[in-house]
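What follows is a single structure, written as structure tokens, with notes after it.
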2 protein chains.
Amino acid sequence: MSGMTPARGDHEARRADVSEAVWRVLAEGGFGALTLRAVAAEMGASTGLLTHYFPNKRALVRHALEVLDRRSAERPRPAAERAGAGLAMLRAVLLDILPLSAQSAADNRIWVGSWDVALSDPELAAEHAERYRRARRVMAEHVAEARRLGELPPGRAPQEVAAAAQSFVLGLVVQVLFAPQEYPAQRQIELVDLYLDGLAAAPARPGATRAADGPAGPAGVRDSGGVR
Amino acid sequence: MSGMTPARGDHEARRADVSEAVWRVLAEGGFGALTLRAVAAEMGASTGLLTHYFPNKRALVRHALEVLDRRSAERPRPAAERAGAGLAMLRAVLLDILPLSAQSAADNRIWVGSWDVALSDPELAAEHAERYRRARRVMAEHVAEARRLGELPPGRAPQEVAAAAQSFVLGLVVQVLFAPQEYPAQRQIELVDLYLDGLAAAPARPGATRAADGPAGPAGVRDSGGVR
DNA sequence: TGCTACCTACCAAACGTTTGTTATGTACGC
DNA sequence: GCGTACATAACAAACGTTTGGTAGGTAGCA
């Protein structure tokens with residue numbers, strides 16, 4: 001009962017076990033409930049185990065987020081695997097982000113929760129920013145390919161389209177997490193398709209929505225002086 | 001120095017003062033740094049003052065978020081005030097959400113940060129969900145009006161368009177907070193206009209992006225069983 | 001006017017608990 | 001017997017909350 005010592009020797013595997021326990025605690029109670037004792041209890045161990053594998057709490061959290069990110073990237077992506085290229089592939093990438101499954105919902109909940117601590121920790125913030133930059137690059141390539149295939153009209157820079165698409169899914173994730181019953185998987189997919197239809201459509205008369213720009217300027221952004 | 005008793009009689013004003021101190025602490029260090037002592041120090045008072053006006057920490061946080069929400073709603077909305085109706089109004093509403101000013105960036109940072117604790121606190125989560133629902137309703141009305149004015153093509157339900165637009169801005173907010181230098185105010189506005197152009201454009205051949213649906217089904221959402 | 005009574009508004013200090021971290025002990029495989 | 005892999009226990013610090021007290025205002029009554 002005492003010394004079962006499972007999976008001896010594989011240091012990294014044990015660290016992964018710890019990370020999983022961290023995820024479970026985070027998924028349940030968020031970062032406010034993330035304590036060393038809670039993690040230890042979650043995996044039926046002592047805090048001594050945690051400190052044996054991680055120098056401190058911050059390192060533990062950073063590793064858990066890193067592994068979660070890597071796991072998400074390497075996980076079988078049901079939609080992307082069967083999609084071809086171009087627009088269909090962009091669609092698949094977007095769908096694979098959304099909380100369409102319970103597992104993905106839990107992961108996304110952790111991810112959204114991490115934004116609070118990340119925004120106050122420059123190192124974590126930089127890592128997050130880099131992750132999103134990477135994802136944007138991938139999307140931009142699919143957009144470029146879609147344009148080459150004639151699925152998307154030229155005129156918009158792939159980077160801009162990718163940034164917009166990423167914003168869209170990210171915001172949708174948040175909405176879903178707060179109102180799961182209002183956003184079943186079916187509706188999430190429909191919303192993505194609606195969005196993609198807007199991309200595929202030819203651009204409207206340029207400047208149509210900005211007709212009243214003359215007097216109002218760029219939306220009256222005259223107060224204060226920019227972000228940061 | 002001891003008994004200056006400022007602003008006597010206005011109990012509610014004092015609670016607002018406390019809330020402002022809460023905002024300042026949250027904007028700086030997020031919810032992880034939100035302690036009664038930090039708030040008290042921020043306003044040069046004792047923790048006893050806080051407990052005098054609020055029964056406990058949770059009540060203090062909830063009130064601060066509530067007031068922040070109300071303040072944001074009642075704040076002069078530079079864009080919305082000058083916008084007419086329909087699509088221009090929808091555009092204004094979206095722009096007023098974005099962190100185009102330093103003040104709005106600070107508010108948005110608090111808001112994003114609150115998602116972690118809200119997702120683990122059913123009462124807070126319900127309040128958040130209700131807020132977003134309200135905002136969606138407003139957007140949907142502008143969408144309906146735009147459709148009446150012929151600025152938007154029929155075919156999409158205003159509710160769906162509103163949900164999509166809200167997701168878009170919300171996600172953009174997050175992106176901006178993590179990479180402010182990549183998303184200056186100018187670019188945020190351009191992205192919104194790009195998005196609105198996609199709405200205004202006539203829908204593409206229906207089902208174009210879902211061409212390969214046959215074998216792949218609805219994006220291969222076959223693993224696991226739905227959210228929640 | 002002056003005394004008593006009671007109120008709100010706060011401070012300073014302390015309470016018991018929980019936190020991250022550190023130190024010490026111990027069982028096991030080599 | 002020696003290092004790795006933990007458990008156990010202790011640590012100071014920080015936490016939310018409670019308590020006791022003071023200062024000043026207000027109201028009532030003489």
Nucleic acid contacts of residues 29-46 of chain A, taken as heavy-atom distances under 4.0 Å to DNA chain D: A:R37, A:A45, A:S46
Are any side-chain N or O atoms of A:R91 and backbone N or O atoms of A:L196, one a donor and one an acceptor, separated by less than 3.5 Å? no
Within the 4.5 Å heavy-atom criterion, are B:D116 and A:V112 side-chain neighbours or not? no
Within residues 49-62 of chain A, those residues having any heavy atom closer than 4.0 Å to DNA chain C are A:T51, A:N56, A:K57
Determine whether the side chains of A:R109 and B:S120 contain a donor N or O and an acceptor N or O closer than 3.5 Å. yes
Can the positive tip of B:R71 be found less than 6.0 Å from the middle of the six-membered ring of B:W23, inside 45° of the ring normal? yes
Whether A:H128 and A:W111 hold their rings parallel, tilted or perpendicular, with breakpoints at 30° and 60°: parallel
To the nearest 10°, let me know how far the axis at one end of the helix from C:dT1-D:dA30 to C:dT19-D:dA12 is tilted from the axis at the other, five pairs an end. 10°
Across all chains, not counting sequence neighbours, the side-chain contact (heavy atoms from CB on, under 4.5 Å) partners of B:E123 are B:R58, B:R62, B:D121
Roughly how far apart are A:Q175 CD and A:Q188 CD, rounded to 0.5 Å? 11.0 Å
So which pairs with a foot in residues 34-47 of chain B pass side chain to side chain donor-acceptor pair (under 3.5 Å), sequence neighbours left out? B:R24-B:E42
Does any pair with a residue in residues 161-171 of chain A pass salt bridge (charged side-chain N to carboxylate O under 4.0 Å, His left out), and if so which ones, sequence neighbours excluded? none
How close do B:A33 and B:G29 get, counting heavy atoms only, and between which atoms? CB-O, 3.5 Å
